[in-house]
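This report concerns only the one structure given below.
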Amino acid sequence: MSGTLYLIPTPIGNLEDITLRAVRILREVDLIACEDTRHTRKLLSHFDIHTPTLSYHEHNERDRVNRLLSDLQSGKSVAIVSDAGMPGISDPGAVIVQAAVEAGCPVTALPGACAVPTALAASGLNTEQFLFAGFLPVKQGARRQALEGLRDLSATLVFYEAPHRLLAFLEDALLVLGNRPAVVARELSKQFEEYVRLPLKEQIAHFMHQEPRGEMVILIAGKSQDVQTEPLSPRLTLREDMERLIAGGISPNAAMKQLSQKYGVAKRELYRQWQEEKDQADEVTR
Ligand code: SAM
């Protein structure tokens, strides 16, 4: 009879966030396949677990499948763990699960730590329906296109993002989705856990003053009647953006250059729009 493939969630910050069952199964299985054996060994030694380990990461995931499948088929039980959270969720795991399912081996996932439901549950946004979009593409064009594909959904949108890309992500989200309510959930279950609950525009202002740090989940309200969901054209935020940058001590020319890169609009065109907006604002105050 085939052995069972177990997906075992591990803590995403706080070491206490591992279940008694997870610890027992990690002790009982024949093999633990780990995203990073050195990283997992620290967790295992903390819980006095001495099960053999094997590396299983995104670069050898496909090559390892045959070895793990033959272990399962010979009756051995195997646990998959990633560095943190639920294996297979933006982490290695899906390939061996598919192979085991196809081969008719029992597959079971233990409930436990995962950043998506944790952030969603405390976000204050709609939890009835959500769409987890994982990490969006790093390149601006592809990222905006991915956001456009999500623009009309009413479900809460949930993303993973690295701290150094947070501002670029928020700026694209503001442009494509409009100024929706959003939450940046940082460092969940760790000492400096924080939920920043602000509309996208204010999130940008917040993280321009406070450098984004640590691990984070971004949650954005789905399309609704009550909030503006029309995409903002660069024109709508241009004057404010320019004024903010100039007030921060940047020359108008350098500010134009930054915004030209940010919006993907030629500097000359941005300059024209800026002048036009300034003229309009002057007319209103006259
Ligand atoms: N498998 C993991 C899970 O179940 O959440 C996700 C792994 S993915 C490679 C890592 C990303 O998850 C981070 O970049 C961040 O977006 C999110 N993440 C993981 N731990 C987190 C934490 N403690 N607080 C906030 N976000 C976290």
Side-chain angles (χ1 to χ4, degrees), residues 5-19 21-22 25-26 32-40 42-43 46 55-61 79-98 107-125 127 130-138 143 146-147 150 156-170 172-173 182-198 200 203 206-207 210-220:
L5 178 69
Y6 293 96
L7 292 144
I8 313 275
T10 53
I12 57 168
N14 189 322
L15 266 190
E16 288 175 357
D17 292 333
I18 188 159
T19 66
R21 185 174 166 223
I25 289 177
L26 287 171
I32 304 174
C34 322
E35 183 179 10
D36 177 345
T37 47
R38 283 201 344 214
H39 181 93
T40 299
K42 287 184 204 149
L43 179 82
H46 181 83
S55 73
Y56 174 83
H57 46 70
E58 59 175 331
H59 303 296
N60 70 2
E61 199 172 6
I80 305 284
V81 298
S82 64
D83 286 353
M86 182 63 91
I89 304 299
S90 297
D91 264 343
V95 177
I96 181 63
V97 169
Q98 270 162 22
V107 177
T108 186
L110 269 59
C114 179
V116 180
T118 309
L120 179 70
S123 66
L125 298 175
T127 57
F130 68 96
L131 184 132
F132 173 54
F135 288 97
L136 289 195
V138 173
R143 186 167 54 221
L147 286 164
L150 303 171
T156 299
L157 307 173
V158 187
F159 307 90
Y160 283 163
E161 192 49 283
H164 63 281
R165 281 197 279 271
L166 176 69
L167 274 171
F169 178 100
L170 293 173
D172 284 344
V183 179
V184 175
R186 283 194 331 109
E187 296 287 86
L188 297 171
S189 79
K190 302 186 198 175
Q191 188 183 1
F192 298 108
E193 174 176 296
E194 176 189 50
Y195 286 85
V196 180
R197 299 180 179 90
L198 292 168
L200 283 168
Q203 291 277 6
H206 175 87
F207 284 106
Q210 199 169 303
E211 197 189 332
R213 283 179 199 280
E215 297 195 280
M216 51 192 60
V217 181
I218 305 167
L219 306 99
I220 303 177

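First listed ligand is number 1; within each ligand, the first listed atom is number 1.
Counting the atoms of ligand 1 from 1 in the order shown, those under 4.0 Å from a heavy atom of Lys190 are 23 (N). Atoms of ligand 1 found under 4.0 Å from any heavy atom of Phe135, numbered from 1 in the order shown, are 8 (S), 11 (C), 14 (O). Close contacts of ligand 1 with Cys114, meaning ligand atoms under 4.0 Å from a residue heavy atom, involve 3 (C), 4 (O), 5 (O). Residue-ligand proximity, Gly85 to ligand 1, at heavy-atom distances under 4.0 Å covers atoms 3 (C), 4 (O).
Checking only distances, Tyr160 does come within under 3.5 Å of ligand 1, N or O to N or O. The distance criterion of under 3.5 Å between nitrogen or oxygen atoms is met by Met86 with respect to ligand 1. In terms of polar-atom proximity, Ile89 is counted as a contact of ligand 1, with an N or O under 3.5 Å from an N or O of the ligand. Residue Gly13 places no N or O, backbone or side chain, under 3.5 Å from any N or O of ligand 1. Of the N or O atoms in Ile12, one or more lie within a sub-3.5 Å distance of an N or O in ligand 1.
Applying side-chain contact (heavy atoms from CB on, under 4.5 Å) to Tyr56 and the options Asp36, Val81, Val95 leaves one that passes, Val95. Tested against Ile89, the residues Ser82, Pro9, Cys114 include a single side-chain contact (heavy atoms from CB on, under 4.5 Å) partner, Cys114. Among Glu211, Glu194, Glu193, Glu161, the single residue meeting the salt bridge (charged side-chain N to carboxylate O under 4.0 Å, His left out) criterion with Arg186 is Glu194. Each of Phe169, Tyr160, Phe159 was compared with Phe135 under the ring-ring contact (aromatic ring centres under 6.0 Å, His included) criterion, and only Tyr160 meets it.
Heavy-atom distances between Phe159 and ligand 1 stay at or above 4.0 Å for every pair.
Taking atom 18 (N) of ligand 1 as the reference point, the nearest protein heavy-atom neighbour is Ala115 CB, 3.6 Å. Here the protein heavy atom with the shortest distance to atom 13 (C) of ligand 1 is Glu215 OE2, 3.7 Å. Annotation: atom 16 (O) of ligand 1 to nearest protein heavy atom, Met216 O, 2.6 Å. The nearest protein atom to atom 7 (C) of ligand 1, hydrogens excluded, is given as Asp91 OD2, 3.3 Å; this is a heavy-atom distance. Counting only heavy atoms of the protein, atom 24 (N) of ligand 1 lies nearest to Leu188 N, 2.9 Å.
Considering all non-hydrogen atoms of both residues, Gly134 and Ser90 come closest at CA-OG, 4.1 Å. Taking every heavy atom of both residues into account, Leu150 and Ala133 meet most closely at CD1-CB, 4.1 Å. Heavy atoms only, all atoms of each residue included: Pro111 and Thr19 are closest at O-CG2, 3.9 Å. Taking each heavy atom of Pro212 and Leu166 in turn, the nearest pair found is CB-CD2, 3.7 Å. The shortest non-hydrogen separation linking Val138 to Arg143 is O-NH1, 3.2 Å. Residues Glu61 and Ala94 share a closest heavy-atom pair of OE2-N, 3.8 Å.
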Item to complete: Could you check Leu198 against Val184 for side-chain contact (heavy atoms from CB on, under 4.5 Å), going step by step and ending with a plain yes or no?
Response: CA-CA 8 Å; Leu198 292 168; Val184 175; over 6 Å; no
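Only the backbone of Ala185 comes within contact range of ligand 1, with a heavy atom under 4.0 Å; no side-chain atom does. Residue contacts with ligand 1 for Glu161 involve N, CA, C or O but no side-chain atom from C-beta outward (heavy atoms, distance under 4.0 Å).
Taking all heavy atoms of Ala84, Pro9, Gly88, Ser90 into account, the minimum distance to atom 2 (C) of ligand 1 is reached by Ala84.
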